[in-house]
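Written below as structure tokens is the structure these notes are about.
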Amino acid sequence: MKRAKNILAIFVITFMFLSFFNIAKADSHLVNIINKSEEFDLTGKKIDIIKVDDDNDISEYIRLYKEDRLDVYKSIIADSNNLQIQLESGKYFITEEKNDDLLKLSPFFLNVDDTTDKVEIKHYEDIPKPEGDINIKIHKHDENNDALENVEFVFYEAIKSDEYEKLDQKTKSFFKKEFISNEEFYIAKLSVNDKNVYYSNENTVLFTDKNGDIIINNLKKSNYLAKEVKALDGYRLDDSYILLNEDNSYYEDVVNQKEPKKSSLRIIKIDSKTKQRLKNAEFSLKKEDNDKLTEVTSNRITDDNGEIFYENLDLGVYYLEEIKTPDHADVKYKKMNGTRKIVLDEENTIKTVEIANARVENKIPNVNDKDKKAPKKSNKSPNTGVSFPLSILIILIVAIISLMILNKNKRSSERSGGIK
């Protein structure tokens, strides 16, 4: 018996272990990464895998990866030209580790689920850009002419269609047609390191120095574009193209305007007696501008939590008006008197305003009031204490009992007559 119990215990433990193991593996998938390129060999390359959970585009992840701002989920050194990777369900950003080789793995997203079994990879090759004696420069400063350090820019070359047609097919692959200020250009992303500039599938993000400058040297004569991709905190991002060419001596002085500070407003609607939050109250919000009131947005209604939330409001004076009181079947509420003045300033990132609604109380009639009308006379019969249907029922019961008694007496008489 004891031996049987031991065998049973071993069986149960083994079953539990296998079940746990299968559950752990149920969400894991073997993905084959297949390289079909004859020019690019994956062997020996270090591949970084980053698990992601938001909707940034791939260029944003490339930038964050280059700045070492992403946590690597898994790193693999390829031992062959194809890879097999065990991954859990989810979305991944996959890229080759940073290197200076011209031939590289193109970063890509990979969605892993029950249907994922293989993915074919691509590669790209940076092409050195012809050198020249042109230097381009961006100078970034604020409205007070103070230099702004660490503003982020990317750069492009822009050429006309006749120049584009002279390029070989490989170089052409880096250029895309685009209209800039209603003028047609073919533009290519530039990758910049300490020594060289390349045509590339990725832009290198460059930062303004302590003097607010970015300078790229030894470029050939052409049209170049600069584009701001990230402003400093508190400043507006201007992501329009800046054209650098002979017309402005390949130099542009760029002013960053400060971002106006914003605030948010939370309205909370409550019952003044119970403090319970009230839904379905309707409000309008208007901003005072040069002695005029401008509607901020269409009327809003308090949610199930009795709240309305207005985001990204300019600082200033606002007026809140209740359009409709909360709609409750059992309780009626008085409307807020007039409008409520609300001032949004730098002290509050989020300002909360509580609006209390008083109940409409039902008055009890006072018989001594002269203006009260006398009650109308009723045409109904006086109440005898028994309702009409009940009285009929009683009459029927009495009638039935009487009939039963008469019937019984009749039978008794008949029996008595027969005996005689």
Side-chain angles (χ1 to χ4, degrees), residues 56-70 95 98-100 104 107 126-159 174-176 178 180-181 183 185-262:
N56 287 335
D57 60 33
I58 200 158
S59 60
E60 177 67 8
Y61 276 109
I62 291 170
R63 184 177 71 83
L64 294 173
Y65 177 74
K66 286 185 173 183
E67 296 172 10
D68 294 321
R69 291 164 61 185
L70 294 176
T95 182
K98 298 183 289 291
N99 64 70
D100 294 328
K104 303 174 184 178
D126 288 347
I127 298 177
K129 181 174 161 35
E131 294 185 0
D133 56 1
I134 299 296
N135 302 325
I136 63 175
K137 179 180 178 180
I138 289 288
H139 177 65
K140 194 73 168 173
H141 62 87
D142 64 13
E143 295 166 305
N144 298 321
N145 211 31
D146 293 326
L148 298 176
E149 186 178 1
N150 289 327
V151 183
E152 300 181 24
F153 281 87
V154 293
F155 290 83
Y156 305 81
E157 183 176 359
I159 60 177
F174 291 96
F175 284 83
K176 307 296 180 186
E178 192 159 339
I180 302 168
S181 300
E183 196 172 355
F185 285 96
Y186 287 84
I187 70 171
K189 298 176 182 178
L190 297 182
S191 174
V192 184
N193 61 30
D194 293 337
K195 297 179 181 179
N196 299 298
V197 179
Y198 301 91
Y199 295 124
S200 178
N201 283 347
E202 319 176 6
N203 285 112
T204 300
V205 178
L206 301 179
F207 298 81
T208 54
D209 60 21
K210 64 181 180 179
N211 298 315
D213 297 334
I214 296 176
I215 302 172
I216 304 177
N217 299 313
N218 303 323
L219 299 175
K220 72 170 187 177
K221 183 178 177 181
S222 187
N223 297 300
Y224 294 94
L225 301 171
K227 186 177 183 180
E228 186 177 337
V229 292
K230 188 175 181 183
L232 299 180
D233 290 341
Y235 289 88
R236 288 180 176 175
L237 173 68
D238 182 1
D239 60 357
S240 57
Y241 285 117
I242 301 166
L243 184 61
L244 302 166
N245 56 21
E246 283 185 310
D247 294 341
N248 58 8
S249 301
Y250 297 96
Y251 170 83
E252 187 68 26
D253 189 82
V254 185
V255 181
N256 250 110
Q257 294 183 336
K258 289 192 173 181
E259 184 73 39
K261 292 189 176 179
K262 300 282 185 178

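Ring centroids of Phe153 and Phe207 are separated by 6.0 Å or more, keeping the two rings apart. In this structure, Tyr241 has its ring center closer than 6.0 angstrom to the ring center of Tyr156.
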Test side chain to side chain contact (heavy atoms under 4.5 Å, CB included) on Val192 and Ile216 and set out the steps.
-> CA-CA 8 Å; Val192 184; Ile216 304 177; 4.2 Å; yes

Step by step, would you call Glu149 with Asp209 a side chain to side chain contact (heavy atoms under 4.5 Å, CB included)?
-> CA-CA 5 Å; Glu149 186 178 1; Asp209 60 21; 5.7 Å; no

Could you go through the side chain to side chain contact (heavy atoms under 4.5 Å, CB included) check for Phe185 and Asn223 one step at a time?
-> CA-CA 10 Å; Phe185 285 96; Asn223 297 300; 3.9 Å; yes

Step by step, work out the side chain to side chain contact (heavy atoms under 4.5 Å, CB included) result for Leu219 and Val197.
-> CA-CA 8 Å; Leu219 299 175; Val197 179; 3.9 Å; yes

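No side-chain heavy atom of Lys230 sits under 4.5 Å from any side-chain heavy atom of Val151. The closest side-chain heavy-atom distance from Asp126 to Tyr199 is not below 4.5 Å. Side-chain atoms of Val254 and Ile242, non-hydrogen and from C-beta on, do get closer than 4.5 Å to each other. Residues Asn201 and Phe174 meet the side-chain proximity criterion, which asks for heavy atoms closer than 4.5 Å. Thr204 has its side chain out of reach of Tyr198: every pair of non-hydrogen atoms, C-beta onward, lies at least 4.5 Å apart.
The OG atom of Ser191 sits 12.0 Å away from the CD1 atom of Ile127 when rounded to the nearest 0.5 Å. Rounding to the nearest 0.5 Å gives a distance of 10.0 Å between CD of Glu152 and CG of Leu237. In this structure, CD in Glu252 is found 14.0 Å from OH in Tyr250, a value given to the nearest 0.5 Å. Atom CZ of residue Arg236 and atom CD of residue Gln257 lie 5.5 Å apart, to the nearest 0.5 angstrom.
Remark: Lys189 engages no residue in a salt bridge (charged side-chain N to carboxylate O under 4.0 Å, His left out) (not counting sequence neighbours). In this structure Glu228 satisfies the salt bridge (charged side-chain N to carboxylate O under 4.0 Å, His left out) test together with Lys140, sequence neighbours excluded.
Partner Asp247 forms a side chain to side chain contact (heavy atoms under 4.5 Å, CB included) with one of Asn245, Leu243, Leu244 and no other, that one being Asn245.
If you check the side chains of Glu157 and Ser222, you find a donor sitting under 3.5 Å from an acceptor. Judged purely by distance below 3.5 Å, without hydrogens or angles, the side chains of Glu178 and Tyr186 never pair a donor atom with an acceptor atom.
Between Leu70 and Tyr61, the closest heavy-atom pair is CD1-O, 3.6 Å. In this structure, Asn150 and Leu232 approach most closely via the heavy-atom pair O-CD2, 3.7 Å. Leu206 approaches Ile214 most closely through the heavy-atom pair O-CD1, 3.7 Å.
A donor-acceptor pair under 3.5 Å is absent between the side-chain atoms of Asn144 and the main chain of Asp146, judged by distance alone. Judged by distance alone, with hydrogens and angles left aside, the side-chain atoms of Thr95 form no donor-acceptor pair with the main-chain N or O of Pro107 at under 3.5 Å. The backbone N or O of Glu202 lies less than 3.5 Å from a partner atom in the side chain of Ser200, making a donor-acceptor pair. A donor-acceptor pair under 3.5 Å links the side-chain atoms of Thr208 to the main chain of Leu148, judged by distance alone.
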Please tabulate, for side-chain N and O atoms in residues 132-139, each donor-acceptor pair with protein atoms closer than 3.5 Å (sequence neighbours left out).
residue	atom	partner	partner atom	Å
Asn135	OD1	Asn218	N	3.1
His139	ND1	Asn211	O	3.3
His139	ND1	Asp213	OD1	2.6

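Within a 6.0 Å radius of NZ in Lys258, other residues, nucleotides and ligands contribute 12 heavy atoms or fewer.
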